[in-house]
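Report on the following structure.
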Amino acid sequence: MDRENMIGPSLDSVGDGINSLNAAWSFGGNTPKNFDSHVSKSVPKYKDGHDIILSLSDFFINKHSIIYELGSSTGALTRKLAERHPHGAKFVGIDIEEAMTQQANVMLSGQAEKKNVTFLTDDILNFPYEKSDFIVAYYTVQFIPPRVRQQLFDLIYQSLNWGGAFVLFEKVRGPDARFQDIISNLYVDYKIEQGYAAHEILAKSRSLKGVLEPFSTAGNLDMLNRAGFVDVMTIFKHICFEGFFCIK
């Protein structure tokens with residue numbers, strides 16, 4: 001028996017104080033405390049995407065609105081939306097990881113706790129949504145098992161009021177093998193530029209096997225269309241990252 005089988009699989013560093021196992025990336029454990037710094041470096045123009053969503057929200061949120069963020073992690077985007085619309089609207093962040101919800105509530109309390117913001121631990125596929133005007137999934141759906149992804153899009157469409165908006169940001173695959181090879185290499189170059197070591201990049205890639213399953217642009221558009229969304233446009237694109245803006 002080799003040493004690894006005797007002591008079990010080892011945790012590998014993926015950078016920023018986060019460790020993970022092969023094919024076992026998790027948003028629990030020690031990830032929440034280091035998540036914001038890690039994701040802002042790992043995803044190009046992460047905060048720029050937040051700014052786009054904040055600007056879009058002005059067209060859909062009023063004092064009677066209900067707003068959901070699906071996969072709210074530490075709650076950064078939900079808090080920004082609530083700060084931008086402080087009068088009457090109700091903001092709900094949902095995450096399946098209890099550790100993320102706890103971290104979100106800690107950070108909310110640190111900014112003078114708001115009565116109109118709630119962070120909940122729940123499954124976004126089974127949550128009892130109220131009719132809403134604005135729903136955001138910021139790099140969340142890519143972690144939902146493909147077999148139930150259409151079910152989630154259907155639920156989002158049904159949950160929106162007529163004229164409401166769904167904003168979806170996702171990592172996307174290239175339209176064919178050559179494009180995929182090129183954008184994958186560009187993304188590795190980006191991570192190196194952010195200061196990640198080769199072993200950290202490899203460890204992160206290995207940890208996401210079977211966990212992160214991106215669809216192509218066409219694949220995401222097909223699911224949105226099947227759910228009922230007709231008015232859809234791309235509002236952000238950077239290498240293999242894309243933002244879709246959908247109006248019911």
Side-chain angles (χ1 to χ4, degrees), residues 12-20 24-57 69-81 93-97 99-100 103-104 107 124 135-144 149 166-174 179-217 219-220 234-245:
D12 294 318
S13 172
V14 301
D16 305 306
I18 299 175
N19 300 310
S20 188
W25 170 261
S26 171
F27 288 99
N30 69 335
T31 302
K33 292 182 179 180
N34 301 286
F35 177 76
D36 289 331
S37 61
H38 180 70
V39 74
S40 63
K41 288 170 58 181
S42 299
V43 178
K45 302 186 182 299
Y46 188 81
K47 293 181 179 179
D48 290 344
H50 278 192
D51 291 340
I52 292 171
I53 291 169
L54 291 172
S55 295
L56 285 175
S57 72
E69 184 185 3
L70 312 184
S72 50
S73 61
T74 63
L77 179 55
T78 295
R79 291 195 306 275
K80 290 177 184 178
L81 285 165
I94 308 167
D95 203 286
I96 201 166
E97 287 287 350
M100 279 293 189
Q103 184 68 19
M107 298 176 77
I124 58 176
I135 299 178
V136 180
Y138 199 64
Y139 299 112
T140 296
V141 177
Q142 60 200 30
F143 294 102
I144 301 297
R149 211 167 286 186
F166 172 46
V167 184
L168 169 71
F169 274 62
E170 289 281 281
K171 185 178 183 182
V172 295
R173 296 189 190 277
F179 280 115
Q180 181 61 35
D181 182 59
I182 291 171
I183 64 176
S184 293
N185 277 279
L186 288 174
Y187 186 37
V188 169
D189 290 344
Y190 167 82
K191 286 192 169 185
I192 292 171
E193 291 169 359
Q194 296 304 303
Y196 289 112
H199 71 273
E200 292 172 333
I201 296 171
L202 178 59
K204 181 65 177 292
S205 179
R206 294 178 74 241
S207 74
L208 290 171
K209 290 188 295 188
V211 179
L212 170 61
E213 293 285 351
F215 283 5
S216 65
T217 297
N220 282 298
T234 291
I235 53 168
F236 172 85
K237 182 72 174 180
H238 184 85
I239 310 176
C240 50
F241 298 89
E242 189 162 6
F244 303 91
F245 172 39

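Computation of the quantities below employed the complete heavy-atom set of this structure, encompassing side-chain atoms and omitting hydrogens, waters and symmetry-equivalent molecules.
Using a 4.5 Å cut-off on side-chain heavy atoms (C-beta onward), F169 and I235 make contact.
Classification of the Y190-Y187 ring pair by plane angle, with boundaries at 30° and 60°, yields parallel.
The CD atom of E69 lies 9.5 Å from the CD1 atom of I94; values are rounded to the nearest 0.5 Å. Note: I96 CD1 to T140 OG1 = 11.5 Å, rounded to the nearest 0.5 Å. Distance CD1/I201 to CD1/I192: 4.5 Å, rounded to 0.5 Å.
For the pair R149 and F215, the distance from NZ or CZ to the six-membered ring centre is under 6.0 Å and the angle to the ring normal is within 45 degrees. At least one cation-pi condition fails for K45 and F241: the charged atom is not both under 6.0 angstrom from the six-membered ring centre and inside a 45 degree cone around its axis.
For S42 (side chain) and V39 (main-chain N/O), no donor-acceptor pair under 3.5 Å exists by modelled atom type. Here the side chain of Q180 pairs a donor or acceptor atom with the backbone of G174 at under 3.5 angstrom. When atom types are taken as modelled, the side chain of Y196 and the backbone of K41 share no donor-acceptor pair closer than 3.5 angstrom. No donor-acceptor distance shorter than 3.5 angstrom exists from the side chain of S72 to the backbone of G75, with no hydrogens or angles considered.
A salt bridge does not link E213 to K171: none of the charged side-chain nitrogens sits closer than 4.0 Å to a carboxylate oxygen.
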Does the side chain to side chain contact (heavy atoms under 4.5 Å, CB included) test come out yes or no for T217 and F244, once each step is laid out? CA-CA 9 Å; T217 297; F244 303 91; 4.0 Å; yes
